[in-house]
Amino acid sequence: MIDDLFAREAGDVQWLAPGVCLLPGYLLPELEPLLDALREVLAAAPLRRVNTPSGQPLSVAMSNCGALGWVSTAQGYCYVREDPQSGQPWPALPPLLQRLSWQAAQRAGFADFAADACLINRYRPGARMGLHQDRDEADFRQPIVSFSLGLPATFLLGGLQRRDRVQRLRLQHGDALVWGGPARLRYHGILPLEAGEHPRMGAQRINLTLRRAAP
Ligand code: MD6
Ligand code: FE
């Protein structure tokens with residue numbers, strides 16, 4: 001246990017592929033303040049089910065915080081300043097999330113990451129995310145920082161072409177994944193969440209993806 005904590009404080013970094021860096025348990029030392037901040041954000045901008053531009057319901061419920069929020073509209077995917085559900089600006093990015101994402105990027109070798117958008121995804125058992133690329137941001141030199149909370153999930157790490165071979169990676173409660181450089185446009189997804197009950201988070205997985213959306 002002591003070794004385990006020490007490894008975390010020392011900043012465990014695992015390179016899984018060029019540009020893909022896992023920080024196991026990264027969030028755990030600041031978990032409770034992070035959950036407090038998340039609760040406040042979701043009170044102002046509740047999670048909601050959205051449809052793809054073609055009208056298919058996504059199995060994941062979503063919300064956002066930060067200056068920009070990622071939304072799906074009949075015209076396609078884009079970043080917008082206001083929550084379409086309330087007509088109000090998205091809740092501000094909590095300073096703790098700003099710092100945690102900056103620091104995770106720094107540890108992975110990306111200096112000066114300044115997130116302006118945080119997409120919040122909630123998976124219940126059975127929910128999944130099909131293979132996709134993240135390509136709605138202005139500058140692909142900026143990485144994406146992804147935080148996982150609650151039930152474990154299997155992350156699919158594909159290549160730059162949809163048909164490329166897919167590797168599997170397990171994401172656990174408290175993990176950070178930094179994704180950038182040569183990996184920035186790799187296809188990826190999440191397998192259907194297995195049923196379970198997480199001791200702190202219940203029967204769900206929450207993923208926060210922090211991005212620099214504007215130039
Ligand atoms: C998820 N994540 O982990 C979905 N995208 O639930 C993503 O789609 C994602 O984790 C880009 C970079 C990291 C990610
Ligand atoms: Fe993605």
Side-chain angles (χ1 to χ4, degrees), residues 16 20 22-28 30-32 34-66 69-72 77 79 83-85 90-91 93-94 97 100-101 104 115 117-136 144-158 162 166-179 183 186-211:
L16 303 170
V20 182
L22 180 66
L23 307 174
Y26 173 75
L27 299 172
L28 297 179
E30 300 188 77
L31 181 66
E32 292 305 322
L34 175 59
L35 293 180
D36 291 342
L38 187 60
R39 193 175 311 111
E40 258 187 60
V41 163
L42 294 179
L47 290 161
R48 76 292 303 264
R49 295 287 296 273
V50 299
N51 291 335
T52 65
S54 61
Q56 298 303 307
L58 289 172
S59 55
V60 172
M62 297 184 169
S63 187
N64 291 278
C65 58
W70 187 86
V71 296
S72 170
Y77 301 110
Y79 284 97
D83 178 351
Q85 195 161 283
W90 296 105
L93 190 65
L97 270 179
L100 285 171
S101 60
C118 175
L119 172 64
I120 304 162
N121 288 325
R122 187 198 54 209
Y123 297 72
R124 297 285 196 194
R128 59 187 285 278
M129 173 91 59
L131 274 188
H132 66 278
Q133 288 174 300
D134 286 21
R135 51 181 319 144
D136 300 313
I144 294 177
V145 175
S146 161
F147 293 155
S148 291
L149 296 166
L151 290 174
T154 302
F155 188 86
L156 302 172
L157 172 57
R162 186 178 283 281
V166 167
Q167 293 164 247
R168 293 175 177 212
L169 151 68
R170 200 76 172 152
L171 292 178
Q172 307 276 357
H173 177 65
D175 288 354
L177 183 69
V178 184
W179 173 272
R186 286 177 75 159
Y187 279 86
H188 57 280
I190 294 280
L191 285 185
L193 197 76
E194 295 151 48
E197 182 74 20
H198 186 274
R200 180 65 184 84
M201 304 294 294
Q204 61 175 344
R205 169 177 184 263
I206 303 261
N207 173 255
L208 309 176
T209 43
L210 290 120
R211 307 126 189 274

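Note that the numbering runs from 1 along the sequence shown for the chain. Bear in mind the structure is a predicted one, so any value in this text is a computation, not a measurement.
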J.: Just so I know, are the side chains of Ile190 and Asn121 near enough to count as touching, which here means a heavy-atom distance under 4.5 Å?
T.: no

J.: Quick one: does any side-chain atom of Arg186 pair with a main-chain N or O of Gly158 as donor and acceptor, under 3.5 Å?
T.: yes

J.: So do Pro53 and Ser72 actually touch side chain to side chain, heavy atoms under 4.5 Å?
T.: yes

J.: Can you find a pair of side-chain heavy atoms, one from Arg168 and one from Leu156, that are under 4.5 Å apart?
T.: yes

J.: Please report the interatomic distance CG(Leu100) to CD(Glu30), rounded to the nearest 0.5 Å.
T.: 5.0 Å

J.: Kindly write out the residues that satisfy side-chain hydrogen bond (donor to acceptor under 3.5 Å, both in side chains) with Glu197, not counting sequence neighbours, or none if the list is empty.
T.: none

J.: Which heavy atom of Tyr79 sits nearest to which heavy atom of Ala117, and what is that distance?
T.: CE2-CB, 3.9 Å

J.: For side-chain contact (heavy atoms from CB on, under 4.5 Å), just list the numbers for Val60 and Arg122, CA-CA rounded to whole Å, side-chain angles, deciding distance to a tenth of an Å, and then say yes or no.
T.: CA-CA 6 Å; Val60 172; Arg122 187 198 54 209; 5.6 Å; no

J.: Can you tell me how far SG of Cys65 sits from CG of Leu208, rounded to the nearest 0.5 angstrom?
T.: 7.5 Å

J.: Which pairs of donor and acceptor atoms, one on a side chain in residues 123-132, lie under 3.5 Å apart (sequence neighbours left out)?
T.:
residue	atom	partner	partner atom	Å
His132	ND1	Gly130	O	3.0
His132	ND1	His188	O	3.2
His132	NE2	Asp134	OD1	3.0
His132	NE2	His188	NE2	2.9

J.: How long is the straight-line distance from CD of Gln172 back to CG of Leu27, given to the nearest 0.5 Å?
T.: 13.0 Å

J.: Taking atom CD of Gln204 and atom CG of Leu193, what is their separation to the nearest 0.5 Å?
T.: 9.5 Å

J.: To the nearest 0.5 Å, how far apart are OH in Tyr26 and OG in Ser101?
T.: 7.5 Å

J.: For residues Tyr187 and Gln133, report the shortest heavy-atom separation together with the two atoms involved.
T.: OH-OE1, 3.3 Å

J.: Show every salt bridge (Lys or Arg N to Asp or Glu O under 4.0 Å) that has at least one partner inside residues 49-65, sequence neighbours left out.
T.: none

J.: Which pairs would a plain distance check flag for residues 35-43, meaning a side-chain donor or acceptor within less than 3.5 Å of a matching protein atom at least two apart in sequence or in another chain?
T.:
residue	atom	partner	partner atom	Å
Asp36	OD1	Arg39	NH1	3.1

J.: Any side-chain heavy-atom pair from Asp83 and Asn64 closer than 4.5 angstrom?
T.: no

J.: How far apart are the closest heavy atoms of Leu34 and Leu97, and which atoms are they?
T.: CD1-CD2, 3.6 Å

J.: Any side-chain heavy atom of Leu151 within less than 4.5 Å of one from Glu194?
T.: no

J.: Do Arg48 and Ser63 come within less than 4.5 Å of each other through their side chains, counting heavy atoms only?
T.: yes

J.: Kindly indicate whether the side chain of His173, heavy atoms from C-beta on, has any atom under 4.5 Å from the side chain of Leu31.
T.: yes

J.: The criterion is side-chain hydrogen bond (donor to acceptor under 3.5 Å, both in side chains); which residues satisfy it with Ser146, sequence neighbours excluded?
T.: Asn207

J.: Answer yes or no: is there a side-chain heavy-atom contact under 4.5 Å between Gln167 and Leu16?
T.: no

J.: Does Arg200 have any side-chain hydrogen bond (donor to acceptor under 3.5 Å, both in side chains) partners at least two apart in sequence or in another chain, and if so, which?
T.: Glu32

J.: Could you walk me through whether Val50 and Val71 pass side-chain contact (heavy atoms from CB on, under 4.5 Å), step by step?
T.: CA-CA 8 Å; Val50 299; Val71 296; over 6 Å; no

J.: Could you measure the distance from the CG atom of Asp175 to the CG atom of Leu169? Nearest 0.5 Å is fine.
T.: 8.5 Å

J.: Quick check on side-chain contact (heavy atoms from CB on, under 4.5 Å): which of Thr209, Val145, Ile144, Leu22 does Trp179 satisfy it with?
T.: Ile144

